[in-house]
There are 2 protein chains.
Amino acid sequence: MGFSNLKFSQGKGNIPILSLKYSIFELIITPAYKMSQPISIKDIARKFKCAPSTISRALNDHPAINIETRKTIQEYATRIGYQKNTLSLSLLNKQSKTLGVILPTMAHFHESSMVEGMEKILQPAGYLLNICVTNESHALERAYMDRLVANRVDAICISLSQETYDKKRHDHIDHAISRALPLIFMDRFYHAQNLDQVITDDYQGAFLATEHLIQMGCRRIAHLHGPKGITVSQQRFQGYQDCLRKYELPLLPELIAYVSFSAESAVEATITLLDHHPDGIFGVNDEVCFGAMKVIREKNIRIPDDIALVGFDDIPLAQFAYPPLSSVSRQSRKIGEETAQLFLAKINGQQENKQISLEPQFIVRESSRKRIF
Amino acid sequence: MGFSNLKFSQGKGNIPILSLKYSIFELIITPAYKMSQPISIKDIARKFKCAPSTISRALNDHPAINIETRKTIQEYATRIGYQKNTLSLSLLNKQSKTLGVILPTMAHFHESSMVEGMEKILQPAGYLLNICVTNESHALERAYMDRLVANRVDAICISLSQETYDKKRHDHIDHAISRALPLIFMDRFYHAQNLDQVITDDYQGAFLATEHLIQMGCRRIAHLHGPKGITVSQQRFQGYQDCLRKYELPLLPELIAYVSFSAESAVEATITLLDHHPDGIFGVNDEVCFGAMKVIREKNIRIPDDIALVGFDDIPLAQFAYPPLSSVSRQSRKIGEETAQLFLAKINGQQENKQISLEPQFIVRESSRKRIF
DNA sequence: AAAACGAATGCAAACGTTTGCATAATTTTT
DNA sequence: AAAAATTATGCAAACGTTTGCATTCGTTTT
């Protein structure tokens, strides 16, 4: 055995001249990259009449393999269009180089920006993203969770669905935590346990926004409140509420209207709000403010002189609203980047869990800049 | 051998009573779901002192396994938190139940809606999505393509990057096509070959938009032209051009301004356009029109009386622009759904390639509804 | 000339699961 | 009572790749 299997011509040492000719010959006869089954290391080994391990080492530039043999095999592999099967590697190494990302929705600037941020960091590190949209459904969240675990993703980054909050059913979450599987909460808080979380300080952002309206002279500040039960909504309401208290303004229930996150949903809410004559509106996000502004314009109420508006998220179109919309930027992209970096730190052995809270930034535009100042 | 390994008590036949006790015992001693290594079928086999194949069949409810043994094993597996390792299955069955999705960008309504559409169809079918954002870079597109192939995704759905068009380097595409790997072009055309493609008829949409402006009395219709080289830009320009020709209006080069897809980029472009006194503007997308409208408003030019505007995409905020923006809807979500369905048809043996072109829908709003009519 | 060494390669196990076939024990049929 | 059928289970290979160890030459050292 040993060399006996190799049909190399014996130049000096074991120069694989014959093999080179052989490979070219094969290439012409059967253009293997057109075959339906992908080429494996075993296939290449068969052509060269050697062991798969030799091919594996050659392709990985292992110094134990003769330098010329290595080159020949590498050249043949690229020419034939060989592509390593990562699945087998994942199985062997117990890491799939893939992250699971579970999001309640995708069709908003905030979520898709987070994903872009994650990709920016993780692509260079060789990671792929499995993105799952739960549509705020608890059942889907569960199903996706199981599937990702079954797929042995290296970690799961999750922004909890509204239903999971509503129903308070987090057994699937607890279950995942009890495994070794790294779990990072993005954008929406889980609960105050010592977990990995990356969020923006919605409370502070809401406080800033409300404070600004007060400083602009508003005394009857309405709030377009997001869906109940969602932490984002609650945090922003809390910031609004606490700011009013700090400035000794009353919290008037008639100035709170509930909306979903869409501009559409804000239309009716704003109409009822206007009956109570607010002089400022703080919206749970920018879309909602677009809806409110449309209603206000149609009633010929002036912005910001009669009613000042402030939104949240600072979507790219905010500055193109009429008038340009003041907003709180929560650096969506950066949430994604920080999440990705937290993950990388974790697999590099960082033990302690980390809570990262990004500072929101308030951006003043015409919708709240009263001319009297 | 045979039964000899099984330590079942001999009730009548082989009722695994002893095993049941054994499993509960084990559960109490070592809560396996807290172990760092996930539990495998082999682990369970060891507990029950039987072959892995028996466990596998039991978990899959194979009738050859004794019904009581089956139940016992299933119960134990769920209690212990066993999760099937899909990687090994993918390797064995040569299908990963995962799709690769390559997109030039993510932070726009159009792209993220497409993804949502795909998920809607593919989640029930048990598929996961690997989403890759190229940021319009050719190099990244290549890298992602290789990675997805290495991961043995069952198909790749791709919306080509601008650079791939610019550089005309599609060897990576051709390479993928030459494999058996199903490749579906989403949203952006490849070239006229007989491939699988799902797009909207941008040409027709642009034609409709332009025709509408003409019917509203516009004679000097400007165009905010998308980035050169991108098919979407070209198709929309072509529709605009051909419509002008049909109505015997001249194509005036001074009324064409180039923009990227952002509102920001439209500001300067619109300023220069206004020097040439257009009475209508057709924008390559809605964002661009938001930019244009801001400029126009600031110059105290009336919309639509002095200048009528029409956009493209019908983003959710279009109807909340001031004034509400007329637009061409290209049913982003449906592109995703159709792509997903095309894929499902393909793996179910549909041979012929298919080109699906979705009808755009024109939506009239105030931005183009001249009051003289 | 024998022994030690170095270079190049092969062997086999491992990752987790499935599945056709073989095997053993029990029951039914002749 | 022997043969056949039925039931329940085990064996081993397969998917594609890596890797520690063994093997086989050829070369250098004693």
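Below, read A as the first sequence line, B as the second, and so on, with proteins coming before strands; counting in each chain starts at 1.
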Trainee: Look at the side-chain N and O atoms of A:S88 and state whether any lies under 4.0 Å from the OP1 or OP2 oxygen of D:dT18.
Mentor: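 For D:dT18, OP1/OP2 do not have a side-chain N/O of A:S88 under 4.0 Å.
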
Trainee: For B:P63 and for B:R152, locate the closest nucleotide of DNA chain D by heavy-atom distance; then report the residue assigned to the nucleotide nearer the 5' terminus.
Mentor: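 Its nucleotide being nearer the 5' end, the pick is B:P63.
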
Trainee: Mind checking A:S56 for me? I need base, sugar-phosphate or nothing, with any heavy atom below 4.0 Å counting as a touch.
Mentor: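 Here A:S56 touches the bases of the nucleic acid.
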
Trainee: Verify the distance criterion only: is there a donor paired with an acceptor across the side chains of A:Y82 and A:Q74 at less than 3.5 Å?
Mentor: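 There is no such pair (donor and acceptor under 3.5 Å, judged by atom type) between the side chains of A:Y82 and A:Q74.
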
Trainee: Taking 4.0 angstrom as the limit, do A:E75 and A:K71 come out as a salt bridge?
Mentor: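 No.
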
Trainee: Report yes if a side-chain nitrogen or oxygen of A:Y82 is closer than 4.0 Å to either non-bridging phosphate oxygen (OP1 or OP2) of D:dT17; otherwise report no.
Mentor: yes

Trainee: Between B:T134 and B:S137, is any side-chain donor less than 3.5 angstrom from a side-chain acceptor?
Mentor: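 Side-chain D/A pair, B:T134 to B:S137: absent.
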
Trainee: Any base atoms under 4.0 Å from B:S40, or only sugar-phosphate, or nothing? Heavy atoms, all strands.
Mentor: sugar-phosphate

Trainee: Rounded to the nearest angstrom, tell me the gap between atom CD1 in B:I65 and atom P in C:dT19.
Mentor: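 So the CD1-P distance, B:I65 to C:dT19, works out to 13 Å.
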
Trainee: Under 3.5 Å, is there an N or O donor on one side and an acceptor on the other linking the side chain of B:S90 and the base of D:dC15?
Mentor: no

Trainee: So, A:R70 and A:D61, do they make that salt bridge, N to O below 4.0 Å?
Mentor: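 Yes, charged N to carboxylate O under 4.0 Å.
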
Trainee: Heavy atoms from C-beta onward define the side chain here; which of D:dG10, C:dT18, D:dG16 lies closest to that of B:R57?
Mentor: D:dG10

Trainee: Starting at atom CZ of A:R46, determine the distance to atom P of D:dG16, rounded to an integer number of angstrom.
Mentor: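 Rounded to whole Å, this separation is 9 Å.
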
Trainee: According to a strict under-4.0 Å criterion, is A:K42 in side-chain N/O contact with OP1 or OP2 of D:dC15?
Mentor: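 A:K42 to D:dC15 OP1/OP2: side-chain N or O found under 4.0 Å.
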
Trainee: Taking only side-chain N and O atoms of B:N60, does any of them lie within less than 4.0 angstrom of OP1 or OP2 on C:dT18?
Mentor: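 Answer is yes, contact under 4.0 Å.
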
Trainee: Classify the nucleic acid contact of A:K84 as base, sugar-phosphate or nothing, counting any heavy atom under 4.0 Å across all strands shown.
Mentor: sugar-phosphate

Trainee: How close or far is atom C1' of C:dT18 from atom NE2 of B:H62, stated in whole angstroms?
Mentor: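 The distance from NE2 of B:H62 to C1' of C:dT18 comes to 10 Å, rounded to the nearest Å.
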
Trainee: Would you mind telling me which of C:dG10, C:dT17, C:dT9 lies closest to the side-chain atoms of B:I41?
Mentor: C:dT17

Trainee: So how far is it from A:F343 CZ to A:Y127 OH, rounded to the nearest 0.5 Å?
Mentor: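 Here the rounded value is 4.0 Å.
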
Trainee: Let me know the distance between CZ of A:F48 and P of C:dG10, rounded to the nearest Å.
Mentor: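 My rounded result for the distance is 12 Å.
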
Trainee: Check the phosphate of D:dA8 against B:N66, side-chain N and O only, distance under 4.0 Å to OP1 or OP2. Yes or no?
Mentor: yes

Trainee: Using a heavy-atom cut-off of under 4.0 Å over every strand shown, decide if B:L92 touches base, sugar-phosphate, or nothing.
Mentor: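 Base, at least one base heavy atom under 4.0 Å.
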
Trainee: A:D43 has an atom CG; how far is it from atom P of D:dC15, in whole Å?
Mentor: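 Answer to the nearest Å: 10 Å.
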
Trainee: B:T69 has a side chain; which of D:dT9, D:dG10, C:dT17 sits nearest to it?
Mentor: D:dT9

Trainee: Can you check the A:Q37 CD to D:dG16 C1' distance for me, whole Å?
Mentor: 12 Å

Trainee: Where is the tightest heavy-atom contact between B:K346 and B:P182, given as atom of each residue plus distance?
Mentor: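 Closest pair (atom of B:K346, atom of B:P182, distance): CE-CB, 4.0 Å.
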
Trainee: Quick one: is B:K94 getting a side-chain N or O under 4.0 Å of the D:dA14 phosphate, OP1 or OP2?
Mentor: no

Trainee: Atom CG of B:N93 and atom P of D:dA13: how far apart are they, to the nearest Å?
Mentor: 20 Å

Trainee: Between atom CG in B:L59 and atom P in C:dT17, what is the gap in whole Å?
Mentor: 9 Å

